[in-house]
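Read the structure below first, then the notes.
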Protein chains: 2
Amino acid sequence: MRDELVRAALTVLRREGAAALTVRNITAEAGCSTTGIYTYFGGKSGLVEAIFVEGFEGFDEAVGPSLAAGDLAAAGRAYRRWALDHPTQYMVMFGRAVPDFEPSPAAFERAAASFAQLTAGVARALPRAGDAGDHAYHLFATVHGYVMLEMSGMGTHDDAEAEARYERALRSLAVG
Amino acid sequence: MRDELVRAALTVLRREGAAALTVRNITAEAGCSTTGIYTYFGGKSGLVEAIFVEGFEGFDEAVGPSLAAGDLAAAGRAYRRWALDHPTQYMVMFGRAVPDFEPSPAAFERAAASFAQLTAGVARALPRAGDAGDHAYHLFATVHGYVMLEMSGMGTHDDAEAEARYERALRSLAVG
DNA sequence: AACGATGACGTAACTTTGTTACGTGGCCCC
DNA sequence: GGGGCCACGTAACAAAGTTACGTCATCGTT
């Protein structure tokens, strides 16, 4: 039933957004009672944390191949693609879209693992650069900023223009 | 009473965070009944929009002088300073910290005005660069990404290290 | 100066949401 | 076969957003 609840929560989140991610909506989608969330996750926050962790696992799957190949530009494109394909989940992970949710130390460790994968990819792609951690963080922050602004509705509302601007940013990063 | 409600909402937001930004908490802080929010703002979302707009006005005041002087690095520092001094309001503006809130077109226009100020500052600081709008957006996105990651608790929890990393990012941006 | 209307504001109720106390039924171990 | 334990549901409670309605002051009109 635990997995079923996570699946139902992701379904509701994708279909109706973070504001509709209520205990009753989730359990109705899962076809069970509200108490399951408390026995398996200790409350709504615990279930949201499972969504948080699942998001980073999805990230790793989406971005990992490009990183393993040492192609940072492709990784950047895969990152934006995943975020735009899962906007509500992305906002749960980075935008505090669920008010009472604060990731636990274990959840932060899972996020750090994704970042370690990125650092390893940077070290592979730029073997003679300085501190790979610094470069990785800069790439992460820049890409995250572009994606976050685009998803917040700031900047243009033209998707093609946003993509073109993002491509220029990736090229600019490759130079630096 | 309208201004009093905005002041009370900002006080509650700063003191207890976005999750405690409830109609009852705000009106208790303002010393009035809950209905005032509906007569003056049409509901909680309208009041949150006032907070959103007030945030961009605060930004303009904080960053404007450096931009007018053509000092982009100082503007970047002022941006981070304002964000770290108003973390919960920043999350209301750029995250989804209030679930049902979506900025209206008028609110987006106010945000666009702040971006126009940034673009003018870039054009002043880099008169012989290409498209000032592109450069401004790149600066905005990068700085936003750094600040957002720092406020999300990703990356280091050491404030001095975060600041040093941010300074390196500003220097890297100045070169590019 | 008296009267009626308008608008600001509060009281109290309704709906929804997160949470929990408690009951029920099936399964395992002796 | 019986007792305990675990999974799960029912139903209630507290808090939050919202709204119907009543009250009082203020202002223009006669």
Side-chain angles (χ1 to χ4, degrees), chain A residues 1-54 88-89 91-93 95-104 107, chain B residues 1-54 88-89 91-93 95-104 107:
Chain A
M1 182 161 145
R2 192 183 189 282
D3 295 350
E4 178 63 21
L5 280 171
V6 174
R7 186 205 61 78
L10 285 170
T11 302
V12 171
L13 183 60
R14 217 161 308 200
R15 194 175 54 205
E16 306 173 56
L21 193 70
T22 70
V23 170
R24 282 169 179 78
N25 275 350
I26 296 166
T27 53
E29 170 72 27
C32 69
S33 167
T34 60
T35 51
I37 290 181
Y38 296 88
T39 63
Y40 287 106
F41 301 95
K44 187 185 172 185
S45 295
L47 178 49
V48 173
E49 177 144 318
I51 291 176
F52 180 93
V53 169
E54 203 269 350
T88 52
Q89 191 171 6
M91 276 304 186
V92 169
M93 294 160 69
R96 292 281 177 275
V98 178
D100 284 324
F101 169 64
E102 176 88 17
S104 71
Chain B
M1 183 162 146
R2 192 184 189 282
D3 294 350
E4 177 63 20
L5 280 171
V6 174
R7 187 205 61 77
L10 285 170
T11 301
V12 171
L13 183 61
R14 217 161 306 200
R15 195 175 53 205
E16 305 173 56
L21 193 70
T22 71
V23 170
R24 283 169 179 77
N25 275 348
I26 296 166
T27 54
E29 170 72 26
C32 69
S33 167
T34 60
T35 52
I37 290 181
Y38 296 87
T39 64
Y40 286 107
F41 301 94
K44 188 184 171 184
S45 296
L47 179 49
V48 173
E49 177 144 318
I51 291 176
F52 179 94
V53 169
E54 202 269 352
T88 52
Q89 192 171 5
M91 275 303 185
V92 170
M93 295 160 68
R96 283 280 178 271
V98 177
D100 284 325
F101 169 63
E102 175 89 16
S104 71

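The sequence lines fix the lettering, A, B, ..., with proteins before strands; numbering per chain opens at 1.
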I need the minimum non-hydrogen distance between [X] and [Y], along with the two atoms involved.
{"X": "A/Ala9", "Y": "A/Ile51", "answer": "CB-CD1, 3.7 Å"}
{"X": "A/Phe52", "Y": "A/Met93", "answer": "CE1-O, 3.5 Å"}
{"X": "A/Phe101", "Y": "A/Arg96", "answer": "O-CD, 4.2 Å"}

| Pairs where residues 4-14 of chain B contributes a residue and the test side chain to side chain donor-acceptor pair (under 3.5 Å) is met, not counting sequence neighbours | B/Glu4-B/Arg7, B/Arg7-B/Thr11
Could you give the [atom1]-to-[atom2] distance, from [X] to [N], as a whole number of Å?
{"X": "A/Phe41", "N": "C/dG18", "atom1": "CZ", "atom2": "P", "answer": "15 Å"}
{"X": "B/Lys44", "N": "C/dT15", "atom1": "NZ", "atom2": "C1'", "answer": "16 Å"}
{"X": "B/Glu16", "N": "D/dA15", "atom1": "CD", "atom2": "P", "answer": "14 Å"}
{"X": "B/Arg24", "N": "C/dT17", "atom1": "CZ", "atom2": "C1'", "answer": "13 Å"}
{"X": "A/Ile26", "N": "C/dT16", "atom1": "CD1", "atom2": "P", "answer": "17 Å"}
{"X": "A/Leu47", "N": "C/dT19", "atom1": "CG", "atom2": "P", "answer": "11 Å"}
{"X": "B/Phe101", "N": "D/dT18", "atom1": "CZ", "atom2": "P", "answer": "13 Å"}
{"X": "B/Asn25", "N": "D/dA14", "atom1": "CG", "atom2": "C1'", "answer": "14 Å"}

Distances for protein N/O vs nucleotides 5-12 of chain C N/O pairs under 3.5 angstrom?
residue	atom	partner	partner atom	Å
C/dC9	OP2	B/Tyr40	OH	2.4
C/dG10	OP2	B/Ser33	N	2.9
C/dG10	N7	B/Thr35	OG1	2.9

| What nucleic acid atoms does A/Leu21 come within less than 4.0 Å of, heavy atoms only: base, sugar-phosphate, or nothing? | sugar-phosphate
| Main-chain N/O of A/Leu13 paired with A/Thr88 side-chain donor or acceptor, under 3.5 Å | yes
| said: Main chain of A/Leu21, side chain of A/Lys44: is a donor-acceptor contact present, judged purely on distance under 3.5 Å? | reply: yes
Kindly compute the distance separating [atom1] ([X]) from [atom2] ([Y]), expressed to the nearest 0.5 Å.
{"X": "A/Ile26", "Y": "A/Ile37", "atom1": "CD1", "atom2": "CD1", "value": "4.5 Å"}
{"X": "B/Glu29", "Y": "B/Thr22", "atom1": "CD", "atom2": "OG1", "value": "11.5 Å"}
{"X": "B/Ser33", "Y": "B/Tyr38", "atom1": "OG", "atom2": "OH", "value": "10.0 Å"}

Between N or O atoms, less than 3.5 Å apart, protein on one side and nucleotides 23-25 of chain D on the other: list the pairs.
none

| task | Would you indicate which nucleotide in C/dT17, D/dT19, D/dA16 comes nearest to any side-chain atom of A/Thr22? | result | C/dT17
